[in-house]
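Data block below; observations after.
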Number of protein chains: 2
Amino acid sequence: MKKVTINSVAEYAGVSKKTVSRVLNNEPNVSPATREKVLKVFKELDYKPNPIARGLARNKSFIIGCLYDNPSKSYITRVQSGALEACHKFNYNLLIHPCELRGTELIENVGQLLTTSRLDGLVLTPPFSDSQELIDYLKKQDIPYARVASAIQDDSSISVRSNDEQGAFELTEHLISLGHKDIAFIKGHPDHSATEKRFSGYRNALMKHGIDFKAHLVAEGNFSYHSGADSAKEILDLDPMPTAVFASNDYMAAAVLKLATQRQLKVPQDISIAGFDNAPIARHIWPGLTTIAQPVEEMTRQAVEQLIMQISDPSTEVYQKVLEAKLITRESTAAR
Amino acid sequence: MKKVTINSVAEYAGVSKKTVSRVLNNEPNVSPATREKVLKVFKELDYKPNPIARGLARNKSFIIGCLYDNPSKSYITRVQSGALEACHKFNYNLLIHPCELRGTELIENVGQLLTTSRLDGLVLTPPFSDSQELIDYLKKQDIPYARVASAIQDDSSISVRSNDEQGAFELTEHLISLGHKDIAFIKGHPDHSATEKRFSGYRNALMKHGIDFKAHLVAEGNFSYHSGADSAKEILDLDPMPTAVFASNDYMAAAVLKLATQRQLKVPQDISIAGFDNAPIARHIWPGLTTIAQPVEEMTRQAVEQLIMQISDPSTEVYQKVLEAKLITRESTAAR
DNA sequence: ATGATATTTGACACCGGTGTCATAATGTCA
DNA sequence: TGACATTATGACACCGGTGTCAAATATCAT
């Protein structure tokens, strides 16, 4: 099977390759007759323009890169699916690139990525969306990027996040309204800005309702299930045991639930447990986890859509957006 | 910041661009002195070769595409991580493309993918690895591909799978050895070849141990948690209720566990439950699920590695490989 | 020193498209 | 019908690299 290029199409149709290019890109100033003729040849030869050649000429690749370093597989797939939705809408594709925030090679690693594959833009998900070092680098390299769930204040770049603080506040109030006063808290990974946001939502709710904050009720997690299991042990070993646990994500909450169940504790009768994110696991276990639903897909979709807009027209105004997080109550929390 | 191209480097270094290209690609026949000089200019100007231009000249993109249509997020991320490992080892990148097997537009959709982004090869994961239609199309288009977990017999293309039948056989034997005779089975998605393999492993084990196969103990699932919940209802409503349930994946098993727990059944005392895949959820719930560990990352890694080998040298022999699946016993199964 | 061979280097076409600009064809109006 | 604006088309350079091949230079045996 011989390769069909723009040249062969042009020759076959008896026009110049520039005219073929015009038809290809739906440019004006082609007579209907010619256009028709060329389109027919497209069909006849089954012509597919070479995206690489086009990329070289236009200096574009129509590929967006997605950077992440996150232990939650469901979070990652949600991010991907939001990003893909936006990409496909505009005929872009998505290249994924998990890498580690820590370690001196981050910049080098991303540099390598940009060297081996020219990307039109980058979506940064936590914790990268909070890495000032990375952002400075991208700015210097002049690579368009969009931040998802970032806490960095920067009006000159795209950012879509959800209201973590508000969500944590509401969830804590929910627990308080059920009569809980000793509410343990498991923090997330310190590199993620959401960690501090959720923590302060928790503290603010306590404060608003006149409940003293007790440092010994706070455990340090890192969003992984494993860290949740460690924190769970700390918390369930406390005497007196708190009546409720608020974990900064659902995986850690699931770990608490597992240990509690292993210890023959009844949830929610003996202890209430709540998570954050509304990951699939929150409804796959029994009792289902009360949690905060974050619109992860939607955040990413909007971020990528804005990113593509900005790529196609760099003069487009970029803006920052905050989406609402929503309380989902299930069976894991109850009045004490 | 002016763009640094191979031309500017050549001019600056006082050599031809071909020589620069030689240094870039570590080709022989460059005098050490010249090589040194050019390398210094690379540093000085911070030169980054343009992958698109290189791609055009060599007719390569160094990008592998990954096709999937799978409800299990953990399966997807495991596939991705295995694929990425192989890609990065050879300086390739990975582009992801979820799409639907059903619907007439599959071929069109993949065609679109290949049109908008030239890929050097494609990894097919279930159920695509079993789609003869897609495979024929790729062959016709002359796009290299590798199949993961495919049951299609085709010695001319790369395939890495694990032994689903053997795994299911072992798991069933495990249940039988615990004294179970009424073992319900939840099937997977009919489009996946693994579904039949696992089912026949189950039947063969029953047969070997002289246990009659009972059709009413088989429920039709599709690998999704939701389908598992439906099947769970069917099975737990049976009278007499079977003493064990073997679900074709862990999500469906988790759904059975959830319903059982909701109904105040003790697992494994009242009923044993087993899954397949060793997905994260299998150890995130209580009791942990007895299951079969499939080396998903490893399968994909090997498949992609072979794929890249074949791309770099089309004369490379391709081969098919079967990896072992392994029984993992946890708390969800016990003697009756 | 001489010719034969091996190594280093560069000129130039090429990959498959797009952008610029000149020219040809067509349309408009007095 | 001629002058002028408008539309259609193509020639050609260009994007930033790589492949081919011939020329220039270095190495070596005799």
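All of these numbers come straight from a predicted model, not from anything done at the bench. Residue numbers begin at 1 in each chain, while the letters A, B, ... track the order of the sequences. Side chains included, hydrogens not; waters and symmetry mates left out as well; all remaining heavy atoms used.
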List the atom pairs, with distances to 0.1 Å, where a side-chain N or O of residues 93-103 of chain B and a protein N or O form a donor-acceptor pair under 3.5 Å, not counting sequence neighbours.
from: B/Asn93; atom 1: ND2; to: A/Thr116; atom 2: OG1; distance (Å): 3.1
from: B/His97; atom 1: NE2; to: B/Asn109; atom 2: OD1; distance (Å): 2.8
from: B/Arg102; atom 1: NE; to: B/Asp191; atom 2: OD2; distance (Å): 3.0
from: B/Arg102; atom 1: NH2; to: B/Asp191; atom 2: OD1; distance (Å): 2.3
from: B/Arg102; atom 1: NH2; to: B/Asp191; atom 2: OD2; distance (Å): 3.3

Using the side-chain heavy atoms of B/Ser16, tell me which of these nucleotides is nearest: C/dG10, C/dT18, D/dG16.
C/dG10
Under a 4.0 Å heavy-atom cut-off, which of residues 45-52 of chain A touch DNA chain C?
A/Tyr47, A/Lys48, A/Pro49, A/Asn50
How close do A/Ala149 and A/Tyr75 get, heavy atom to heavy atom, and via which atoms?
CB-OH, 4.1 Å
In Å and rounded to the nearest 0.5 Å, what is the CD to CG distance from A/Glu133 to A/Leu106?
6.0 Å
Side-chain polar contacts of residues 123-132 of chain A - donor-acceptor pairs under 3.5 angstrom, sequence neighbours left out - could you list them?
from: A/Thr125; atom 1: OG1; to: A/Leu67; atom 2: O; distance (Å): 2.8
from: A/Ser129; atom 1: OG; to: A/Val148; atom 2: O; distance (Å): 2.8
from: A/Asp130; atom 1: OD1; to: A/Ser150; atom 2: OG; distance (Å): 3.3
from: A/Asp130; atom 1: OD1; to: A/Ala151; atom 2: N; distance (Å): 2.8
from: A/Asp130; atom 1: OD2; to: A/Ser193; atom 2: N; distance (Å): 3.2
from: A/Asp130; atom 1: OD2; to: A/Ser193; atom 2: OG; distance (Å): 2.6
from: A/Ser131; atom 1: OG; to: A/Leu134; atom 2: N; distance (Å): 3.1
from: A/Gln132; atom 1: NE2; to: A/Asp136; atom 2: OD1; distance (Å): 3.1

Value in whole Å for how far the C1' atom of C/dG16 lies from CZ of B/Arg118:
12 Å
Short side-chain N/O contact from B/Lys3 to OP1 or OP2 of D/dG16, under 4.0 Å
yes
Distance check needed: C/dT18 P versus B/Leu56 CG, whole Å only.
12 Å
Please enumerate all residues that pass salt bridge (Lys or Arg N to Asp or Glu O under 4.0 Å) together with B/Asp69, with sequence neighbours excluded.
none
Supply the atom-to-atom distance B/Ser159 OG to B/Asp154 CG, rounded to the nearest 0.5 angstrom.
8.5 Å
B/Thr19 side chain to B/Val15 backbone, donor-acceptor under 3.5 Å
no
May I ask you to decide whether B/Asp46 forms a salt bridge with B/Lys48, counting only side-chain N to carboxylate O separations under 4.0 Å?
yes
What is the distance from NZ of A/Lys60 to C1' of C/dG17, rounded to the nearest Å?
15 Å
Could you pull out every donor-acceptor pair under 3.5 Å between side chains of residues 32-44 of chain A and any protein atom, sequence neighbours left out?
from: A/Thr34; atom 1: OG1; to: A/Ser31; atom 2: OG; distance (Å): 2.6
from: A/Arg35; atom 1: NH2; to: A/Glu27; atom 2: O; distance (Å): 2.7
from: A/Glu44; atom 1: OE2; to: A/Tyr12; atom 2: OH; distance (Å): 2.8

Non-neighbouring partners of B/Tyr92 that pass ring pair (Phe, Tyr, Trp, His ring centres under 6.0 Å), sequence neighbours left out
B/Phe62
Selection: residues 17-44 of chain A, any non-hydrogen atom under 4.0 Å of DNA chain D
A/Lys18, A/Thr19, A/Arg22, A/Asn29, A/Val30, A/Ser31, A/Thr34
Whole angstrom value for the distance that separates C1' of D/dG17 from CG of A/Asn59:
13 Å
Carefully, step by step, assess A/Ile135 and A/Tyr145 under the rule side-chain contact (heavy atoms from CB on, under 4.5 Å).
CA-CA 8 Å; A/Ile135 288 180; A/Tyr145 62 93; 3.2 Å; yes
Counting only non-hydrogen atoms, which of residues 6-14 of chain A are less than 4.0 Å from DNA chain C?
A/Ile6
Test your reading of the model: is there a side-chain donor-acceptor pair from A/Thr316 to the backbone of A/Asp313, 3.5 Å cut-off?
yes
Take the C1' atoms of the five end pairs on each side of the helix from C/dA1-D/dT30 to C/dA30-D/dT1, get both axes, and report the angle to 10 degrees.
40°
By the salt bridge (Lys or Arg N to Asp or Glu O under 4.0 Å) test, which pairs, at least two apart or in different chains, include something from residues 105-119 of chain B?
B/Arg118-B/Asp120
Could you go through residues 301-309 of chain B and list every donor-acceptor pair under 3.5 Å that involves a side-chain atom there, pairing it with any protein atom two or more places apart or in another chain?
from: B/Arg301; atom 1: NE; to: B/Glu298; atom 2: OE1; distance (Å): 3.2
from: B/Arg301; atom 1: NH1; to: B/Glu305; atom 2: OE1; distance (Å): 2.8
from: B/Arg301; atom 1: NH2; to: B/Glu298; atom 2: OE2; distance (Å): 2.8
from: B/Gln302; atom 1: OE1; to: B/Lys321; atom 2: NZ; distance (Å): 3.2
from: B/Gln302; atom 1: NE2; to: B/Glu298; atom 2: OE2; distance (Å): 2.8
from: B/Glu305; atom 1: OE2; to: B/Lys89; atom 2: NZ; distance (Å): 3.3
from: B/Gln306; atom 1: OE1; to: B/Tyr319; atom 2: N; distance (Å): 3.0
from: B/Gln306; atom 1: NE2; to: B/Tyr319; atom 2: O; distance (Å): 3.3

What's the separation between atom CG in A/Asn59 and atom CD1 in B/Ile52, rounded to the nearest 0.5 Å?
7.0 Å
If I take atom CG from residue B/Asn7 and atom NZ from residue B/Lys17, how far apart are they, to the nearest 0.5 angstrom?
4.5 Å
Nucleotide N/O to protein N/O under 3.5 Å, stretch nucleotides 24-27 of chain D:
none

